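Working notes, structure below.
For clarity, every value in this text was computed on a predicted model and none was experimentally measured. Proteins get letters first, then strands, A, B, ... in listed order; numbering begins at 1 in each. When reading the values below, keep in mind they use all heavy atoms of this one structure, side chains included, and skip hydrogens, waters and symmetry mates.
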Protein chains: 2
Amino acid sequence: MKLTTKGRYAVMALADIAKFDRNSPISLRDISLRQGISLLYLEQIFSKLRKNEIVKSVRGSSGGYILTKNPEQIKLSNIFSAVDEKVKTVNCKKESKKGCNGKSSKCITHNLWDELELHINDFFNKKNLGDLVKGKNENTI
Amino acid sequence: MKLTTKGRYAVMALADIAKFDRNSPISLRDISLRQGISLLYLEQIFSKLRKNEIVKSVRGSSGGYILTKNPEQIKLSNIFSAVDEKVKTVNCKKESKKGCNGKSSKCITHNLWDELELHINDFFNKKNLGDLVKGKNENTI
DNA sequence: GTTAAACTTGACTATTTTAGTAAGGTATAT
DNA sequence: ATATACCTTACTAAAATAGTCAAGTTTAAC
Ligand code: FES
Ligand code: FES
């Protein structure tokens, strides 16, 4: 059970942007250097973030990306769904009435995994980008 | 972010055992049929469960596996650590003082992932096998 | 004792997912 | 003009997952 780099990098990069002035765009090149993430990979991630209106882009030289909202308004769950980082704990299709083993009813552990999924998503709903950049004076980059 | 089959199957299989009388061993063959899990794969999983003293084996015909404790005493976290299903959200080595990008300090998102890990492990510590088999009258198998 | 059911072990493999790379664009500030 | 920076699609190497295979050993029951 682990987090993939897409979700992790998306949050890292957005937190990086959030630390700076909201009005001047931040280039992916800078983020790449500061956070140690491949530029090409970042482009892939930001394409999704832009389509989901988490950021908007400014083209041309000295362009880059700007958050569309205040950091406090951007929840982790928004970011994760934008980059397709989903939490999947059940083995079956949720909508279906069938269980994961093909049986006609849900398996004995189904409710447990479902609870776990809620538990995790709860965390992502509570946390926002603002929470990450509050302590600007910390020794983190 | 998803659960692997090892953790899921381990819990399913143990819940299956927990539903029956504690004193007569349950064979993997039966579990395999009821839960729709490959017998050979179950053997692999139960080897680990036995080594970690979650179950004990009874050999010979009409043998099988028995829980070593009451279902209420077997926490999900015990099961998961036995089958090496671990929660990994941070990208760095926790013990190290270095960050995930090789920088000298922890990255801006480190604390967030660490909190997430705690949040998830909390769930696994709170839930036990007993919780799963309480409603024996449900229409689950 | 024989047998068969059941556990035990270690190695091996196909599939899927992840984590990127590569290449070739297009838009625009200066 | 042109350099900077975004945009898009396609491809791929590496890792993890989800098993399978083969060849045992143990022991209850007949
Ligand atoms: S996880 Fe949904 S039926 Fe098993
Ligand atoms: S996750 Fe620990 S330093 Fe980035």
Side-chain angles (χ1 to χ4, degrees), chain A residues 1-13 17 23-33 35-68 80 82-89 91 100-101, chain B residues 1-13 17 23-33 35-66 68 80 83-89 91 100-101:
Chain A
M1 175 142 231
K2 67 181 179 191
L3 200 62
T4 66
T5 52
K6 243 171 198 155
R8 175 181 294 115
Y9 288 172
V11 176
M12 280 176 83
I17 294 180
N23 296 315
S24 59
I26 309 290
S27 77
L28 292 188
R29 181 178 165 70
D30 287 352
I31 298 175
S32 167
L33 291 171
Q35 305 299 335
I37 305 171
S38 146
L39 177 60
L40 290 156
Y41 200 24
L42 272 178
E43 288 181 352
Q44 223 179 95
I45 292 168
F46 271 76
S47 165
K48 295 186 179 195
L49 292 176
R50 193 183 57 83
K51 279 174 192 153
N52 285 274
E53 298 179 0
I54 308 283
V55 294
K56 61 186 170 194
S57 66
V58 176
R59 310 186 82 151
S61 59
S62 78
Y65 288 94
I66 304 179
L67 300 182
T68 55
F80 275 31
V83 297
D84 302 316
E85 171 88 50
K86 22 183 169 295
V87 177
K88 180 162 165 51
T89 53
N91 197 21
C100 54
N101 42 21
Chain B
M1 179 145 227
K2 67 183 182 191
L3 200 62
T4 67
T5 53
K6 240 167 202 160
R8 176 182 293 115
Y9 288 172
V11 176
M12 280 176 82
I17 294 179
N23 297 315
S24 61
I26 309 289
S27 77
L28 291 189
R29 180 177 166 70
D30 287 352
I31 298 177
S32 166
L33 290 172
Q35 305 298 334
I37 304 170
S38 147
L39 176 60
L40 289 156
Y41 200 24
L42 272 178
E43 288 179 351
Q44 221 179 95
I45 292 168
F46 271 75
S47 166
K48 293 187 180 196
L49 291 175
R50 193 184 56 81
K51 278 175 193 152
N52 285 274
E53 296 177 1
I54 309 283
V55 294
K56 62 186 170 194
S57 66
V58 178
R59 311 187 81 152
S61 58
S62 77
Y65 287 94
I66 304 178
T68 54
F80 275 30
V83 297
D84 302 316
E85 170 89 50
K86 22 183 168 296
V87 177
K88 180 162 166 49
T89 54
N91 196 20
C100 53
N101 42 20

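In this structure, A:Y9 reaches the C:dG20 phosphate: one of its side-chain N or O atoms is under 4.0 Å from OP1 or OP2. Checking the phosphate oxygens (OP1, OP2) of C:dT8, a side-chain nitrogen or oxygen of B:S57 falls inside 4.0 Å. At least one side-chain nitrogen or oxygen of B:R50 sits closer than 4.0 Å to the OP1 or OP2 atom of C:dT9. OP1 and OP2 of C:dT17 both lie 4.0 Å or more from every side-chain N or O belonging to A:T4.
Between B:G7 and B:E85, the shortest heavy-atom contact is N-OE1, 3.1 Å. The nearest pair of heavy atoms linking B:M1 to A:T4 is N-CG2, 4.4 Å.
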Carefully, step by step, assess A:Y9 and A:I31 under the rule side chain to side chain contact (heavy atoms under 4.5 Å, CB included).
CA-CA 10 Å; A:Y9 288 172; A:I31 298 175; over 6 Å; no

Between A:Y65 and A:L49, does the side chain to side chain contact (heavy atoms under 4.5 Å, CB included) criterion hold? Intermediate values first, please.
CA-CA 10 Å; A:Y65 288 94; A:L49 292 176; over 6 Å; no

Classify every nucleotide of nucleotides 25-30 of chain D by which part a protein heavy atom approaches to under 4.0 Å, writing B for the base, S for the sugar-phosphate alone and - for neither, in 5'-to-3' order.
BBBBS-

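Nucleotide C:dT8 holds its P atom 14 Å from the CG atom of B:N52, rounded to whole Å. D:dT4 atom P lies 9 Å from atom CZ of A:R29, rounded to whole Å. Between A:L3 atom CG and C:dT18 atom C1' there is a gap of 12 Å when expressed in whole angstrom units. A straight line from CZ of B:R8 to C1' of D:dA16 spans 16 Å, rounded to a whole angstrom. The distance from atom NZ of A:K48 to atom P of C:dT18 is 11 Å, rounded to the nearest whole Å. Following rounding to the nearest Å, B:K88 (NZ) and C:dT17 (P) show an atom-to-atom distance of 21 Å. Between the C1' atom of D:dC6 and the CD1 atom of A:I26 lies a distance of 15 Å, rounded to the nearest Å. At whole-Å resolution of the value, CG in A:L28 and P in C:dT21 are 15 Å apart.
B:Y65 comes within 4.0 angstrom of sugar-phosphate atoms only, judged by non-hydrogen atoms across all strands, and of no base. Residue-level contact check: B:K56 touches neither bases nor backbone, having no heavy atom under 4.0 Å from any strand.
Taking A:K48 as the reference, A:D84 meet the salt bridge (charged side-chain N to carboxylate O under 4.0 Å, His left out) condition, with sequence neighbours excluded. Taking B:I66 as the reference, B:P25, B:K56, B:V58 meet the side-chain contact (heavy atoms from CB on, under 4.5 Å) condition, with sequence neighbours excluded. Residues passing the side-chain contact (heavy atoms from CB on, under 4.5 Å) test with B:S32, sequence neighbours excluded: B:L39, B:L42. Residues meeting the side-chain contact (heavy atoms from CB on, under 4.5 Å) test with A:S38, sequence neighbours left out: A:L40, A:Y41.
Considering CG of B:N91 and NZ of B:K88, their distance stands at 6.0 Å, rounded to 0.5 Å.
With DNA chain D read from its 5' end, the first of the two nearest nucleotides for A:M1 and A:K51 is the one closest to A:K51.
Less than 4.0 Å separates DNA chain D from at least one heavy atom of each of the following residues of residues 36-45 of chain B: B:S38, B:L40, B:Y41, B:Q44.
Side-chain atoms of B:T68 and B:E53 form no donor-acceptor pair, as typed in the model, at a separation below 3.5 Å.
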